[in-house]
Amino acid sequence: MLEIKPPALTPAEWREVKQTLSGIADCGCAGQSRAAAPRGRIGKAIDALIGPSTAAAPLPPRLDAVRRFTCDSARMGRVAQEHLPALAAQGFSRAQIDAIALLGA
């Protein structure tokens, strides 16, 4: 778990964080939707024969940057600092970035 103090955000900022995290909820760190994730030997065999049943839609650049940030933060157990400039350039405040890391990782 990340060691981040819960940030003080306005209700509008929390709504934006919630909407952003909802947008990446099913994408997973590998970029696949949970429905398209590998299942087991039988599922893999069926997928090999007829193809996966669903394909993940590509994320918009804004959400893809958030997905990379949350996945890297969760994997490293700390805020993925290298993604901060990209998120700030998209208009996220540092407090919102901390909230995304805290809730998304």
Side-chain angles (χ1 to χ4, degrees):
M1 177 172 229
L2 299 177
E3 297 291 326
I4 300 173
K5 180 181 174 187
L9 296 175
T10 66
E13 289 173 317
W14 278 115
R15 277 192 299 277
E16 184 175 357
V17 167
K18 179 182 174 185
Q19 289 170 346
T20 299
L21 290 175
S22 293
I24 65 166
D26 291 332
C27 68
C29 286
Q32 292 182 322
S33 71
R34 287 185 187 146
R39 296 183 301 271
R41 289 184 189 181
I42 295 173
K44 287 180 186 180
I46 292 171
D47 286 350
L49 292 172
I50 62 171
S53 58
T54 59
L59 291 173
R62 175 178 170 94
L63 293 181
D64 190 51
V66 173
R67 181 191 59 79
R68 286 191 313 268
F69 170 71
T70 57
C71 291
D72 287 353
S73 295
R75 182 177 44 79
M76 295 184 302
R78 63 174 175 77
V79 173
Q81 299 290 326
E82 62 273 15
H83 297 290
L84 297 182
L87 295 177
Q90 291 181 2
F92 291 107
S93 70
R94 179 55 201 242
Q96 287 176 306
I97 293 169
D98 286 347
I100 289 168
L102 183 65
L103 299 174

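These numbers come from a predicted model, not from an experiment.
Once rounded to the nearest 0.5 Å, the distance linking CZ of R62 with OG1 of T20 reads 5.0 Å. The distance from the CG atom of L63 to the CG atom of L21 is 9.5 Å, given to the nearest 0.5 Å.
Between P7 and W14, the shortest heavy-atom distance links the atoms O-CZ2, 3.5 Å. In plain terms, the two heavy atoms of E13 and S93 that are nearest each other are OE2-OG, 4.0 Å. When all heavy atoms of P6 and L102 are compared, the closest pair comes out as CA-CD2, 4.0 Å. Taking every heavy atom of both residues into account, S73 and A80 meet most closely at OG-N, 3.0 Å. In terms of heavy atoms, T70 sits closest to G104 at CB-O, 4.0 Å.
With sequence neighbours left out, the side chain to side chain contact (heavy atoms under 4.5 Å, CB included) criterion links S22 to K18. With sequence neighbours left out, the side chain to side chain contact (heavy atoms under 4.5 Å, CB included) criterion links Q19 to no other residue. Partners of D72 under the side chain to side chain donor-acceptor pair (under 3.5 Å) rule, at least two apart in sequence or in another chain, are R75, H83. The salt bridge (Lys or Arg N to Asp or Glu O under 4.0 Å) test applied to R15 returns no partner, not counting sequence neighbours.
Among pairs with a residue in residues 82-96, those fulfilling salt bridge (Lys or Arg N to Asp or Glu O under 4.0 Å) read R94-D98, at least two apart in sequence or across chains.
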For residues 84-92, run the donor-acceptor check on the side chains, cut-off 3.5 Å, and write out each pair with its distance to 0.1 Å, sequence neighbours left out.
none

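With V17 as the fixed residue, the side chain to side chain contact (heavy atoms under 4.5 Å, CB included) test singles out one of V66, L103, I97: L103.
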